[in-house]
Trainee: 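One structure, as structure tokens, below. Some questions next.
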Amino acid sequence: MDFQVNKLKHVAIIMDGNGRWAQNRAHRRVWGHVRGSSVVSNIVEKADDMGVKALTLYAFSTENWGRPPSEIRTLFLLLKKFLIKERNKVLKNNIKFNIIGDISKLPKDTVKIIDDLKRDSKDNTGLKLTFAFGYGGRAEIISAVNKLIAEDIEVTEESISNALHAPELGDVDLMIRTGGDQRISNFLLWQIAYGELYFTETMWPNFTCTEFEKIIMEVEKRERRFGQVTETESLAATKTQVKNNFRLIN
Ligand code: FPP
């Protein structure tokens with residue numbers, strides 16, 4: 001039986017390190033993406049088995065447009081292959097698939113595959129699987145604010161949250177980044193406000209379900225206060241302070 005999540009309902013992952021993984025093995029960077037894409041299906045399955053409600057994966061950022069065209073083409077192709085291969089599993093496992101970001105530059109046949117899977121899985125009630133593709137956190141916030149302005153809606157935390165690309169995902173509870181860097185890289189900037197962060201040195205192609213489960217178990221134990229303290233905690237802290245002051249005086 002897999003460990004079952006309790007607090008960590010929305011998990012987001014920055015799947016980093018594909019290029020370095022390949023280069024360290026004297027392969028071309030794209031080979032890292034190929035290997036990395038096979039890890040994606042394992043992690044999706046594991047997240048589902050552990051009862052994660054939403055899994056959002058950073059597959060292509062707005063900044064990634066600056067990569068060589070051949071690498072961009074490979075990433076497009078891997079997305080298409082993944083969707084073709086995983087389509088039946090997604091539907092069978094009651095997974096709701098979505099993509100956030102700008103996919104207008106993807107080949108037409110890939111966009112159709114995406115739209116078909118979105119449509120056919122839209123009433124599914126299980127794991128919400130979302131790929132961020134052509135995605136940037138700042139662009140998402142700007143688009144939300146512009147929507148509100150256009151509709152003459154007051155800009156509040158709640159109205160911005162509701163105008164994001166996929167409001168039903170809610171805030172991120174845990175963001176994992178593989179590949180050793182400790183950055184957010186413009187991913188889900190609004191949703192991460194109170195999220196837990198976990199950085200691992202493991203390159204994405206080496207990331208396993210076992211490590212994923214270990215991270216979830218470890219972060220589940222962290223205390224999340226959302227900037228608040230309970231009355232009991234506050235009282236306990238005051239008592240300790242008074243005791244320490246008393247010791248100092250005597
Ligand atoms: C970062 O590695 C990863 C990406 C830019 C894309 C993530 C893509 C995949 C995991 C494969 C595609 C799979 C699907 C299903 C869409 P990097 O190239 O920045 O690595 P580096 O930091 O070592 O250079």
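Treat the numbers as computed from the prediction; the structure is a model and nothing was measured. Residues take their numbers from the sequence shown, with the count starting at 1. Only heavy atoms go into these numbers, but all of them, side chains included; no hydrogens, no water, no symmetry mates.
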Trainee: Below 30° counts as parallel, above 60° as perpendicular, anything between as tilted: where do the rings of W31 and H27 land?
Mentor: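 Taking H27 first and then W31, their aromatic rings sit tilted (interplane angle of 30° to 60°).
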Trainee: So F207 and N42, do their side chains get closer than 4.5 Å, heavy atoms only?
Mentor: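 Counting from C-beta outward, N42 and F207 never come under 4.5 Å.
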Trainee: If you draw a 6.0 Å radius around CZ in R138, do more than 12 non-hydrogen atoms from other residues or ligands fall strictly inside?
Mentor: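 Counting neighbours around CZ of R138, 12 or fewer heavy atoms of other residues, nucleotides or ligands fall under 6.0 Å, so no.
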Trainee: Tell me, do I153 and V155 make a side-chain contact under 4.5 Å, heavy atoms counted?
Mentor: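 They are not in contact (no side-chain heavy atoms under 4.5 Å apart), so the answer is no.
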Trainee: Please answer whether the main-chain N or O of G134 pairs with a side-chain N or O of D102 as donor and acceptor at a distance below 3.5 Å.
Mentor: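 Judged by distance alone, no pair lies under 3.5 Å.
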Trainee: By side chain to side chain contact (heavy atoms under 4.5 Å, CB included), which residues pair with K53, not counting sequence neighbours?
Mentor: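 Once residues adjacent in sequence are excluded, the partners of K53 under the side chain to side chain contact (heavy atoms under 4.5 Å, CB included) criterion are K9.
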Trainee: So, do T110 and I103 sit near enough that their side-chain heavy atoms are less than 4.5 Å apart?
Mentor: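 Counting from C-beta outward, T110 and I103 never come under 4.5 Å.
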Trainee: Donor-acceptor pairs under 3.5 Å, side chain of residues 188-195 to any protein atom, not counting sequence neighbours: which ones?
Mentor:
from	atom 1	to	atom 2	distance (Å)
W190	NE1	S161	OG	3.0
Q191	NE2	E140	OE1	3.2
Q191	NE2	E140	OE2	3.4

Trainee: Hey, can you pull the donor-acceptor pairs under 3.5 Å for the side chains in residues 67-77, sequence neighbours left out?
Mentor:
from	atom 1	to	atom 2	distance (Å)
R67	NH1	E71	OE2	2.7
E71	OE1	R29	NE	3.1
E71	OE2	R29	NH2	3.3
E71	OE2	H33	NE2	2.8
T74	OG1	S70	O	2.9

Trainee: Hey, does I160 have a side-chain heavy atom less than 4.5 Å from the side chain of L148?
Mentor: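 Sidechains of I160 and L148: in contact.
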Trainee: Look at atom CZ of R25 and say whether more than 12 heavy atoms of other residues, nucleotides or ligands are closer to it than 6.0 Å.
Mentor: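 Above 12, so yes.
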Trainee: Can you list every pair that meets ring pair (Phe, Tyr, Trp, His ring centres under 6.0 Å) and has a residue in residues 81-118, with sequence neighbours left out?
Mentor: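 For residues 81-118: F82-F131, F97-F131.
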Trainee: Can you confirm whether I14 sits close enough to I176 that some side-chain heavy atom of one is under 4.5 Å from a side-chain heavy atom of the other?
Mentor: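 Side-chain contact under 4.5 Å: no.
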Trainee: How close do P205 and G32 get, heavy atom to heavy atom, and via which atoms?
Mentor: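 In terms of heavy atoms, the two residues are closest at CG-O, 3.7 Å.
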Trainee: Taking D116 first and then R119, would you say they form a salt bridge - that is, a charged N and a carboxylate O separated by under 4.0 Å?
Mentor: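 Counted as a salt bridge, because a side-chain N and a carboxylate O are separated by less than 4.0 Å.
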Trainee: Okay, side chain of K80, backbone of P107: is any donor-acceptor separation there less than 3.5 Å?
Mentor: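 Absent.
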Trainee: V11 and T56: side chain to side chain contact (heavy atoms under 4.5 Å, CB included), yes or no, with the steps?
Mentor: CA-CA 6 Å; V11 177; T56 307; over 6 Å; no
Trainee: Side chain to side chain contact (heavy atoms under 4.5 Å, CB included), that's the test. Do L129 and D48 meet it? Break it down for me.
Mentor: CA-CA 9 Å; L129 170 64; D48 195 18; over 6 Å; no
Trainee: Using only atom types and a distance under 3.5 Å, with no angle test, would you say the side chain of H10 pairs donor to acceptor with the backbone of D171?
Mentor: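 The answer is yes, because a donor-acceptor pair under 3.5 Å joins these two groups.
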Trainee: Does a side-chain heavy-atom distance below 4.5 Å link I216 with L174?
Mentor: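 The answer is yes; the side chains approach within 4.5 Å.
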Trainee: So does N18 get a backbone contact from the side chain of R35, meaning a donor-acceptor N/O pair under 3.5 Å?
Mentor: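 The answer is no, because no donor-acceptor pair under 3.5 Å joins these two groups.
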Trainee: Treating Q4 as the side-chain partner and D2 as the backbone partner, does any N or O pair qualify as donor plus acceptor under 3.5 Å?
Mentor: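 Answer holds: yes.
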Trainee: Would you say the side-chain atoms of N94 and T125 include a donor-acceptor pair closer than 3.5 Å?
Mentor: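 Yes, side-chain donor-acceptor contact under 3.5 Å.
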Trainee: Does the Y58 side chain pair with the main chain of R177, one donor and one acceptor, at a distance under 3.5 Å?
Mentor: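 No.
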Trainee: Are E211 and T202 linked by a side-chain donor-acceptor pair shorter than 3.5 Å?
Mentor: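 Checked: E211/T202 side chains pair up, N/O donor to acceptor below 3.5 Å.
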Trainee: After noting the C-alpha distance and the side-chain angles of R87 and D120, does the key distance pass the salt bridge (Lys or Arg N to Asp or Glu O under 4.0 Å) rule?
Mentor: CA-CA 10 Å; R87 185 188 149 87; D120 296 341; 2.8 Å; yes
Trainee: With sequence neighbours excluded, tell me which residues meet side chain to side chain contact (heavy atoms under 4.5 Å, CB included) with N6.
Mentor: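 So N6 forms a side chain to side chain contact (heavy atoms under 4.5 Å, CB included) with E220.
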Trainee: For residues N162 and S159, is any side-chain donor paired with an opposing acceptor at under 3.5 Å?
Mentor: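 No donor-acceptor contact under 3.5 Å links the two side chains.
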Trainee: Does any N or O in the side chain of N124 come within less than 3.5 Å of the main-chain N or O of I95, such that one atom is a donor and the other an acceptor?
Mentor: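 Between the backbone of I95 and the side chain of N124 there is a qualifying donor-acceptor contact (under 3.5 Å).
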Trainee: Are L78 and L106 co-members of a hydrophobic cluster defined by side-chain heavy atoms under 4.5 Å apart?
Mentor: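 They do not share one cluster, since no chain of ILVMFWY contacts under 4.5 Å joins L106 to L78.
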Trainee: With no hydrogens and no angle check, do the side chains of D16 and W204 hold a donor and an acceptor under 3.5 Å apart?
Mentor: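 No, no side-chain donor-acceptor contact under 3.5 Å.
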Trainee: Quick one, T130 and L169 - any side-chain contact, counting heavy atoms below 4.5 Å?
Mentor: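 Yes. Closest side-chain heavy atoms under 4.5 Å.
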Trainee: side-chain hydrogen bond (donor to acceptor under 3.5 Å, both in side chains) with T210: which residues, sequence neighbours excluded?
Mentor: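 Testing T210 for side-chain hydrogen bond (donor to acceptor under 3.5 Å, both in side chains), a comparison that skips the adjacent residues, returns none.
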Trainee: Ion pair present between K7 and E196, side-chain N to carboxylate O less than 4.0 angstrom?
Mentor: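 Judged by the 4.0 Å cut-off on N to carboxylate O distance, K7 and E196 do not form a salt bridge.
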Trainee: Does E213 reach the main-chain N or O of F3 with its side chain, forming a donor-acceptor pair under 3.5 Å?
Mentor: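 Side chain of E213 to backbone of F3: a pair is present.
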Trainee: Is there a donor-acceptor pair closer than 3.5 Å between any side-chain N or O of K147 and the backbone N or O of A163?
Mentor: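 The answer is yes, because a donor-acceptor pair under 3.5 Å joins these two groups.
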